[in-house]
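Below is one structure, written out as C-alpha cells; the observations come after it.
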There are 2 protein chains.
Amino acid sequence: MSLVANQGLRRLSVAALARRVGLVPSGIYRHFRSKEEILTAVLDRIQERLLANVQAAREEHDDPLDCLRDVLMRHVRFIREGRAIPRLIFSDDVHAGRPDRRQRVLAVLRRYTDELDALVRVGQRQGRIRKELDVQTVVMAFLGMVVPAGILWHLTEGGFDVTRHAQRAWKMFCAAVAEPQESITP
Amino acid sequence: MSLVANQGLRRLSVAALARRVGLVPSGIYRHFRSKEEILTAVLDRIQERLLANVQAAREEHDDPLDCLRDVLMRHVRFIREGRAIPRLIFSDDVHAGRPDRRQRVLAVLRRYTDELDALVRVGQRQGRIRKELDVQTVVMAFLGMVVPAGILWHLTEGGFDVTRHAQRAWKMFCAAVAEPQESITP
DNA sequence: CCCGCTTGTGAATGTATAATCACAATAGAG
DNA sequence: CTCTATTGTGATTATACATTCACAAGCGGG
C-alpha cells in the first residue's frame with residue numbers, strides 16, 4: 001500500500017497527505033506506523049524511480065552517451081511530475097536530528113550515482129567518453145545539469161524551462177566529456 | 001544587529017538560535033520582530049556574501065575566466081564555513097505557504113546569477129569564452145559545479161571534498177566553455 | 001544619585017501537528 | 001446470513017515551537 005497516490009510527491013505533514021488521498025488524518029495510521037515510515041516509503045519510491053530510469057534508458061540505447069542523455073531527459077521528466085523531491089530531500093524531516101534519515105537519503109543518491117558511474121565507465125571503455133576524466137567528476141557534472149535546474153524550476157513554480165535547459169546543458173556536457181570521434185564507423 | 005553570530009548559519013528555530021547566541025528564546029525578540037524577519041535577515045546576509053565574493057574576485061583578476069574560477073573557489077569556501085545554506089534555501093520556512101518567501105530566495109539567486117551572467121558576457125567579448133554558447137546555460141553549468149557538491153558535502157557532514165571536486169570540475173567546465181586560445185599573447 | 005531606555009529573563013499562551021484510542025462501517029469467508 | 005478482520009472516523013492527548021508579557025538588570029545622561 002506504499003503506492004497510495006505518490007502522484008506529485010506529498011508535501012510534508014500527515015494531514016496534507018490524508019487530504020490528498022481522501023482520508024482523515026488518523027486514517028493514515030492504518031497504512032503507516034509513523035511519519036518516519038511514510039518518509040522512508042517515499043524515499044524508496046524515489047530510488048525505485050531513479051533506478052528504473054537508468055534501467056529503461058539502458059534497454060533503449062546501446063551507446064553509453066545516448067543512454068546518459070536519455071537518463072538526463074527522464075530525470076527531467078521526473079522533476080516535472082513530482083513537485084518536490086528537493087523539498088523532501090532537504091526538509092526538516094530529513095535532517096531533523098537523527099542521522100539515519102540523512103544516511104538513507106545519501107544512500108539513495110549513492111545508489112543512483114553508482115549506476116551513472118557504471119555508465120560512464122562503459123562509455124570510457126568504448127572510447128565515447130574521455131578516458132583521462134575522473135569518473136566521479138563526470139557523474140557530478142551530470143548531476144550538475146539536473147539539480148540546480150530542478151531547484152530553479154521549483155523556485156519559479158514551473159516557470160523555468162527545465163527541458164530546454166537540459167538540451168542545451170547536454171551539448172556543453174558533451175563538449176566537455178565526449179571523446180572526439182575520428183571516424184564515423186571504423 | 002543583524003550580525004549576531006551568523007557564524008555557520010543557524011538551523012531553523014528561534015530556540016536554537018537563542019542558544020547559539022547565549023540568550024533565552026524570548027530574548028531574540030529584542031532584535032527581531034519575528035522569525036520571518038530573522039529569515040529575511042539571513043537571506044540578506046547570504047546575498048551580501050555571494051555578491052561580495054564576485055566583487056572580490058573581480059578586483060583580483062582581469063581575466064574573466066580566472067575571475068570565474070575565483071568565484072567558484074570562494075563559493076566553495078562559503079559552503080564549507082556556513083553549514084546550511086541549502087537547509088535554509090529549501091526548508092519549510094521558505095516554502096511554507098506564502099510565495100513572498102520563495103520570491104525572496106529566487107531574487108537572491110537571480111541577483112547572483114546576474115553577476116555571473118555579466119562575467120560570462122565579458123568573457124565572451126574578450127574571446128575567452130565560446131561565443132556560440134548560451135550565457136544562461138553557462139551560468140547554470142557554473143551553479144552545477146557548486147550546488148550538487150554542496151548538497152553532497154552537507155549530506156556527508158563534510159565528508160565530501162568539495163574543494164577537490166571544484167578543482168576537477170573547473171577543468172571540465174573550461175573544456176566545455178573556454179574558447180581555445182590560438183596564440184599565447186597576440 | 002536617580003530616571004528612563006535598552007537588553008535580558010521566566011512564565012504563560014496559542015497553534016500546528018504527530019500520534020493514540022475507542023468505536024463505526026464494511027467486506028469477504030464460512 | 002453472520003462473524004471477524006480490515007479500514008475509516010472523531011475526539012483526544014502530547015509535544016514542539018513561535019510569540020507575548022510583566023518584570024528585572026544594567027547603563028547613560030541630567
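In what follows, chains carry the letters A, B, and so on, assigned in the order in which the sequence lines appear, proteins first and then strands, with residues in each chain numbered from 1. The analysis underlying the following values was restricted to heavy atoms, covering all of them including side chains, and did not include hydrogens, waters or symmetry mates.
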In Å, rounded to the nearest 0.5 Å, how long is the span from [atom1] of [X] to [atom2] of [Y]?
{"X": "B:Leu155", "Y": "A:Arg104", "atom1": "CG", "atom2": "CZ", "answer": "12.5 Å"}
{"X": "B:Arg30", "Y": "B:Ile28", "atom1": "CZ", "atom2": "CD1", "answer": "12.0 Å"}
{"X": "A:Gln136", "Y": "B:Arg164", "atom1": "CD", "atom2": "CZ", "answer": "7.5 Å"}

Starting at atom [atom1] of [X], determine the distance to atom [atom2] of [N], rounded to an integer number of angstrom.
{"X": "B:Ile28", "N": "D:dT20", "atom1": "CD1", "atom2": "P", "result": "14 Å"}
{"X": "B:Leu17", "N": "C:dG8", "atom1": "CG", "atom2": "P", "result": "12 Å"}
{"X": "B:Phe32", "N": "C:dG8", "atom1": "CZ", "atom2": "P", "result": "12 Å"}
{"X": "A:Ile38", "N": "C:dT17", "atom1": "CD1", "atom2": "P", "result": "14 Å"}

Considering only residues two or more places apart or on different chains, which pairs with a residue in residues 101-140 of chain A satisfy ring-ring contact (aromatic ring centres under 6.0 Å, His included)?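 Listed by first then second residue: A:His75-A:Tyr112.
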Is there a side-chain contact between A:His31 and the phosphate of D:dG8, meaning an N or O under 4.0 Å from OP1 or OP2? yes
Answer whether the closest heavy-atom distance between the side chains of A:Val120 and A:Phe142 falls below 4.5 Å.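 Side chain of A:Val120 against side chain of A:Phe142, heavy atoms only: no contact under 4.5 Å found.
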Could you work out how much the helix from C:dC1-D:dG30 to C:dG30-D:dC1 bends, comparing the axis of its first five pairs with that of its last five, to 10°? 0°
Reading 5' to 3' through nucleotides 18-28 of chain C, protein heavy-atom contacts under 4.0 Å coded B for base, S for sugar-phosphate only, - for none: SBBBBB-----
